[in-house]
Amino acid sequence: MLPPPTLETLDWIVLVGYLCATFAISVWASRRQATQSDYFMAGRSMLPIVAAFSLFATLFSTTSFVAAPSEGYEHGVMMLLGSVGYAICTPLAAGAFLKFFYGRGDSCTLYEYLEERFDWRARSLAAFAFLVGRTLYAATACFAGAKLLDAMAGWDPYWTILGMIVFTTVYTTLGGMRGVMFTDFMQTCIMLVGVVVIWFSLSSLIGHDYSAVWAYAKEHQHTFDRVWSSEFYRFDIHERLTFWSLFLIYTVLRPFQDYGTDQLVVQRLLSAKSLADSKKAVYIKTAMSVPVMAVFYGLGLLLFYYYNNVASEPAGVEPDKILPYFVTTMLEPPLPGLIAAAMLAALMSTVSSVLNSLATVTSIDFLQRWGFRPEGEARKVLVGRALTVGSGVVVLAISLALLQIGGSVKNSIMEIGQVILSLWGVVLVTVLAGVRTRQWATTDAAAASLCAGIVVGSIVPYRFYFMVPPEERVSFLWLCVPGIITAAVVLVLVSLWQNRNRDSA
């Protein structure tokens, strides 16, 4: 049995220093919250570089430090092709939607646009899908954090989840969006420093023999060799990764989902000073994403080589825990503390961003939309803080519930995250209909499309993924498709029927 990993005094000093810096930024930001716009939108004053780093931390945090090295270690670097394609399509996706969201003056959520184009039903259903999807995603991120710190320091997952969510809720409640974005900026920098430290440490242990690493990965089908195989281009929804799933789902669909339907992304871009600045933020984030993700996936290959050629693979250590195990057993203090801070930064940036956006959508798209409008900006800020705390409580409850069922779900964190966010495609159908058709797509069609798509998109992942043996599962990348097809078919049929009736009247 392996001895439990521990952190030394120097590691704790670094870790506590990071937490203190995070809290200090939030206290500073709390002094600049005179209005609701300050609290939810950072006063619409964020510089492009800050918005870009916040966007990067929000979208890539958990994937970067938990799932990507694990993916490289267990399956190889094929997912990097998806990251490249995603980067290529990102400017197209952002350009397709941002002008519509920015053209609404002081709007705080993208779902306000759906009521303007359709009606309150489309807005409420899309906002509801966001609340459910991102709440579950945040809970999964916290569950991942518990796994990480259990492997790194032997911490009890229950207390890890409790402490992480309470601390993150406190600093998010204090700092609002400005605090979240500036802590995201700091957390991104810490993440990048952390991954560089791990890379050079691993490289030193393998003698900087990257050719040997690549040759060994190639021998074990961990590189891009599948691209030259005819099987890669075969349409098979049960195959984990194929050309069709990487190209259609990850490369094309994902960026349009993120920039057209996800409040977490759009809220950061609306917090920039102008449409031009928000586009600059997208370009900066896109330029940095591919090389950074290549390093993260590359870490998986280095670990794969190290634990099969230089050291013995530790028995009982799951792929999602292999990186923290390496950090605590092979690096000298205070490096494990720095990496622990980087991993916490990766996870907390996601959770804090989600909590702030959950509070924003609940306040703007539900409470204020249905008549609860506190008098005065100070009371609106107070309500926003109360909703942030409430969101933290909900995420905490679900995270603790995952501890009870998580052990039976034998999936990578990357896969679980993709499955949870499968509803984004359903919302994308309605958003595209809104921005690309002036009057043809009807209000009833939008509402019916969202209802049907959400139902199907919620059932399919559990029926064909979580509830079946691994060898019978549909690839996680395809799980969003039934909901999307259902939403699109319903929208087209209802619109055709209503337009025909209108023309014949």
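- Among residues two or more places apart in sequence or in another chain, the side-chain contact (heavy atoms from CB on, under 4.5 Å) test is passed with Ser37 by Thr35, Met41, Arg44.
- For the atom pair CD of Gln187 and CZ of Phe182, the computed distance is 13.0 Å after rounding to the nearest 0.5 Å.
- In Phe243, the CZ atom is crowded: over 12 heavy atoms of neighbouring residues, nucleotides or ligands sit closer than 6.0 Å.
- When only modelled atom types and interatomic distance are considered, Thr360 and Gln263 share no side-chain donor-acceptor pair under 3.5 Å.
- Taking both residues in full, the closest heavy atoms of Val490 and Ser449 are given as CG1-N, 3.6 Å, listed atom of the first, atom of the second, then distance.
- Ring-plane geometry between Phe130 and Tyr111 is classed as tilted, the angle between the planes lying from 30 to 60 degrees on a 0 to 90 degree scale.
- Between Phe167 and Phe23, the ring-plane angle classifies as tilted under the 30° and 60° cut-offs.
- Scanning for ring pair (Phe, Tyr, Trp, His ring centres under 6.0 Å) contacts around Tyr18 gives an empty result, with sequence neighbours left out.
- Contact of the Val354 side chain with the Leu264 side chain is registered, since non-hydrogen atoms from C-beta on lie closer than 4.5 Å.
- Taking 4.0 Å as the cut-off between side-chain N and carboxylate O, Glu71 and Arg240 count as a salt-bridged pair.
- Here the shortest heavy-atom pairing between Ala146 and Ile161 reads CB-CG1, 3.7 Å.
- For the residue pair Thr58 and Arg268, a side-chain donor N or O sits within less than 3.5 Å of a side-chain acceptor on the partner.
- A salt bridge does not link Asp119 with Arg123: none of the charged nitrogens is closer than 4.0 Å to a carboxylate oxygen.
- Trp424 and Tyr137 have their aromatic ring centers separated by at least 6.0 angstrom.
- Taken from OG1 in Thr22 to CD1 in Ile190, the straight-line distance is 6.5 Å, to the nearest 0.5 Å.
- Using modelled atom types and a 3.5 Å distance limit, the side chains of Ser271 and Arg178 yield no donor-acceptor pair.
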Go through Trp244 and Tyr250 one step at a time and tell me if the ring pair (Phe, Tyr, Trp, His ring centres under 6.0 Å) criterion holds.
CA-CA 9 Å; Trp244 304 105; Tyr250 205 91; over 10 Å; no
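- Geometrically, Arg369 does not engage Phe366 in a cation-pi contact defined by less than 6.0 Å to the ring centre and at most 45° from the axis.
- Residues Arg385 and Gln33 bring a donor and an acceptor atom of their side chains to less than 3.5 Å of each other.
- Counting non-hydrogen atoms of neighbouring residues, nucleotides and ligands closer than 6.0 angstrom, the NZ atom of Lys279 reaches no more than 12 such neighbours.
- For Ser245 (side chain) and Leu241 (main-chain N/O), no donor-acceptor pair under 3.5 Å exists by modelled atom type.
- Panel note: side chain Ser352, backbone Ser349; a donor-acceptor pair is recorded below 3.5 Å.
- Looking only at side-chain heavy atoms (C-beta outward), Met348 and Ile165 stay at 4.5 Å or farther from each other.
- Using modelled atom types and a 3.5 Å distance limit, the side chains of Thr388 and Tyr39 yield a donor-acceptor pair.
- Sorted by first then second residue, the salt bridge (charged side-chain N to carboxylate O under 4.0 Å, His left out) pairs that include residues 447-457, not counting sequence neighbours, number zero.
- Side chain of Glu112 to main chain of Cys108: a donor-acceptor pair is present (N/O by atom type, distance under 3.5 Å, no hydrogens or angles).
- Relative orientation of the Trp120 and Trp370 rings is perpendicular, given thresholds of 30° and 60° on the angle between their planes.
- Counting only N and O atoms by type, the side chains of Thr109 and Gln267 include no donor and acceptor under 3.5 Å apart.
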